[in-house]
2 protein chains.
Amino acid sequence: MTVAKTDKSKPDAGAARVPDPEGTRRNILEIASKEFALNGLSGARIDEIAARTRFSKRMIYYYFGDKEGLYLRALEDAYRQVREGEAHLDIEGLSPVAALTRLVEFTFDHHHRHEEFIRMVMIENIHHGQYLKQSEAIRALNVTAIDHISRIYSRGVEDGIFRPGLDPVELHWQVSALCFFNVSNRATFSMIFGRDFGAPAQLERLKQNTVEMMLRFVARGEAPAE
Amino acid sequence: MTVAKTDKSKPDAGAARVPDPEGTRRNILEIASKEFALNGLSGARIDEIAARTRFSKRMIYYYFGDKEGLYLRALEDAYRQVREGEAHLDIEGLSPVAALTRLVEFTFDHHHRHEEFIRMVMIENIHHGQYLKQSEAIRALNVTAIDHISRIYSRGVEDGIFRPGLDPVELHWQVSALCFFNVSNRATFSMIFGRDFGAPAQLERLKQNTVEMMLRFVARGEAPAE
DNA sequence: AATGATGTACGAACTAGATAGTACAGTCAA
DNA sequence: TTGACTGTACTATCTAGTTCGTACATCATT
């Protein structure tokens, strides 16, 4: 009694006649990414993903092998998208302080705009990074991630404005922590403190705090002591 | 034909004869907490939990209703344990700087020691905090979480050592972010940068960085500008 | 003390439905 | 005709939750 079937006498409302493997893959991957980001690896349902695509479940297995293969591709895609976005950051010609400020603000906003990516990373960490470990592609993508902050910091030290002896990877770690947490733990944090940490004014404060934390951390001079 | 019955002539290898509801609950909850922390809500298997307890699956449903009920209790238990641990922090009599230092170091170590808790919070955030929302118990537990940092900061401002105008909840947010991220994202971060962020020496550096970030952030004076 | 009734604590086996994955029969362009 | 691509209709298995039942303690009644 299959009522709502796609009518095969028609060319399926448009361009289904021309084989378009790449488009098929992309469509599946897009839907799958949302499902995985929302429900996790074990929580996502292949049938649900298939239902939301323009294709049948069969296609998922044809192109991605199995559920874990699909997840891995979704994870890779998330990293790739975000890393590509980061390429648009332009800090050449800025002073070290201005550059670091822009880098932190950008990272904060970028993470905020890419909640799906944050959730994928959370999920992957729940799995102890076991899928990331399989992905040569992701590691290759990320080696350049600290280039920006590394260069900014070096220039700041040369200019005598930043203190020497700090580790760019650790600086990146700190920026990441503050920007990531803002998205990843907003739900529980907001509930516990009865305050919406996603409100624009609050976000702006958190962002400025983050900038200031980093600027103060790299600044010359000693931390306060007794 | 029930072969493997508990032999009623013997006291079942110990103390199974005395009914012990509280012990049963505790045993189930302990195992369940580990399973949920390891695999998430949808990833955890009731059968697996049951197999690891000294009891049958029937008991889980007898005491906890359903899978979500069990998860909720595990979540509450995680928060309770961690909050109880925090009560042991003694900072009375210390100067604001020393007190803040100790608070941050303690928080860093405490999070590090309670990975299971961190994972439960990650998982709960994946679920948008929808179970935490149901738990009056957890919210009641957490209202006192910022008392320490709030008092330290006030004293520091009074002493003229910390700058005024900061929000204790935001300070707590920053400490949490840095300490939480260290545990939650260690897997992916370590892989991407090919460096073990769980190594003792590295942890020590991250901890000192975190202390220094907080001390510099609350210190008097301006952040560096152009 | 013996008997029976009741409630708590627990287990074995089962069920209904969900879910990942597949067999097979195509379609369509070159 | 070939081979890449796609849909339909499955299946095997897994999984949350249930049914039915037992063992034992307590308490009231005789």
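As a basis for the values below, the full set of heavy atoms in this structure was taken, side chains included, without hydrogen atoms, waters or symmetry mates. Chain identifiers are assigned alphabetically (A, B, ...) following the order of the sequence lines, protein sequences preceding nucleic acid strands; residue numbering begins at 1 within each chain.
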Can you check the [X] [atom1] to [N] [atom2] distance for me, whole Å?
X: A/I60; N: D/dC5; atom1: CD1; atom2: C1'; answer: 15 Å
X: A/Y62; N: D/dC5; atom1: OH; atom2: P; answer: 4 Å
X: B/R54; N: C/dA12; atom1: CZ; atom2: C1'; answer: 19 Å
X: A/F64; N: C/dA20; atom1: CZ; atom2: P; answer: 16 Å
X: A/K67; N: D/dC14; atom1: NZ; atom2: P; answer: 15 Å
X: A/E68; N: C/dT19; atom1: CD; atom2: C1'; answer: 15 Å
X: B/R45; N: C/dT19; atom1: CZ; atom2: P; answer: 10 Å
X: A/Y71; N: C/dA20; atom1: OH; atom2: C1'; answer: 18 Å

Does A/S56 put a side-chain nitrogen or oxygen below 4.0 Å from OP1 or OP2 of D/dT8?
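The answer is no; no side-chain N or O of A/S56 sits under 4.0 Å from OP1 or OP2.
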Below the 4.0 Å mark, does C/dC10 have OP1 or OP2 next to a side-chain nitrogen or oxygen of B/T24?
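Result: yes.
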Is the A/H114 ring parallel, tilted or perpendicular to the A/H110 ring (thresholds 30°, 60°)?
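The rings of A/H114 and A/H110 sit tilted, inter-plane angle from 30° to 60°.
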The side chain of [X] lies closest to which of these nucleotides: [options]?
X: B/D66; options: D/dG17, D/dT6, C/dT8; value: D/dG17
X: A/D47; options: D/dT15, D/dA4, C/dA20; value: C/dA20
X: A/R58; options: C/dA23, D/dG17, C/dA20; value: C/dA23
X: A/I46; options: C/dA20, C/dC10, C/dC24; value: C/dA20
X: A/Y63; options: D/dC5, C/dC10, D/dA16; value: D/dC5
X: A/F55; options: C/dG11, D/dG7, C/dA9; value: D/dG7
X: A/M59; options: D/dT6, C/dG11, C/dT8; value: D/dT6

Between A/E204 and A/Q208, is there a side-chain donor-acceptor contact under 3.5 Å, judged purely by atom types and distance?
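There is such a pair (donor and acceptor under 3.5 Å, judged by atom type) between the side chains of A/Q208 and A/E204.
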Any base atoms under 4.0 Å from A/A44, or only sugar-phosphate, or nothing? Heavy atoms, all strands.
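Contact class for A/A44: sugar-phosphate only.
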Smallest separation among heavy atoms of B/L29 and B/A74, with atom names:
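Result for this residue pair: CD1-N, 3.8 Å.
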Worked verdict on A/R119 versus A/E116 for salt bridge (charged side-chain N to carboxylate O under 4.0 Å, His left out):
CA-CA 5 Å; A/R119 292 175 63 86; A/E116 217 176 87; over 6 Å; no
Residue that, paired with A/Y131, satisfies side chain to side chain donor-acceptor pair (under 3.5 Å) out of A/E76, A/R73, A/E68:
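In the set A/E76, A/R73, A/E68, the residue that makes a side chain to side chain donor-acceptor pair (under 3.5 Å) with A/Y131 is A/E68.
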Quick one: does A/K57 reach the base of D/dG7 with a side-chain donor-acceptor pair under 3.5 Å?
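Between D/dG7 and A/K57, which were checked side chain against base, a qualifying N/O pair under 3.5 Å is absent.
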